[in-house]
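Values below: every heavy atom of this structure, side chains too, minus hydrogens, waters and symmetry copies.
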Amino acid sequence: MESGPVVHVICYNLSAHKAPVVHRRLVAHPRFTLHFTPTHSSWINEVERWFADLQRQPRVHPVRTGRPGR
């Protein structure tokens, strides 16, 4: 069994995501959990737009000064 945090994956309610090959893969890798959006869910467009905006933001890394432990 794999260790580590569980990875939650949000998928469209598409039949390809529910194929036997996908099911076998998920059984073999229980760390991954699929969540399906409801059919005809218009709210998902807002979520996609939020993630797109988040992805476009520049990544800011903290500036470290001095030596560690001081």
Side-chain angles (χ1 to χ4, degrees):
M1 178 178 235
E2 294 180 33
S3 62
V6 175
V7 177
H8 296 274
V9 181
I10 301 171
C11 300
Y12 286 112
N13 200 356
L14 186 66
S15 61
H17 296 148
K18 299 176 183 179
V21 67
V22 174
H23 180 70
R24 286 192 300 272
R25 180 78 175 176
L26 292 172
V27 168
H29 300 277
R31 181 176 171 209
F32 294 89
T33 303
L34 296 186
H35 301 279
F36 297 100
T37 60
T39 307
H40 306 296
S41 55
S42 59
W43 60 268
I44 196 68
N45 291 333
E46 293 297 321
V47 174
E48 287 176 347
R49 193 163 62 191
W50 184 81
F51 277 116
D53 289 344
L54 187 64
Q55 186 177 17
R56 280 191 286 270
Q57 291 178 0
R59 295 190 177 41
V60 178
H61 299 285
V63 176
R64 298 178 190 260
T65 57
R67 290 185 287 175
R70 288 199 165 186

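For the side-chain contact (heavy atoms from CB on, under 4.5 Å) test, residues two or more places apart in sequence or in another chain that qualify with L34 are V9, C11, V22, L26, F36. Taking V27 as the reference, H23 meet the side-chain contact (heavy atoms from CB on, under 4.5 Å) condition, with sequence neighbours excluded.
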Identify each donor-acceptor pair in which a side-chain atom of residues 50-58 lies under 3.5 Å from a protein atom, sequence neighbours left out, and give them as a table.
unit_1: D53; atom_1: OD1; unit_2: R56; atom_2: NH2; d: 2.7

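Between the R31 side chain and the V7 main chain, no donor and acceptor come within less than 3.5 Å of each other.
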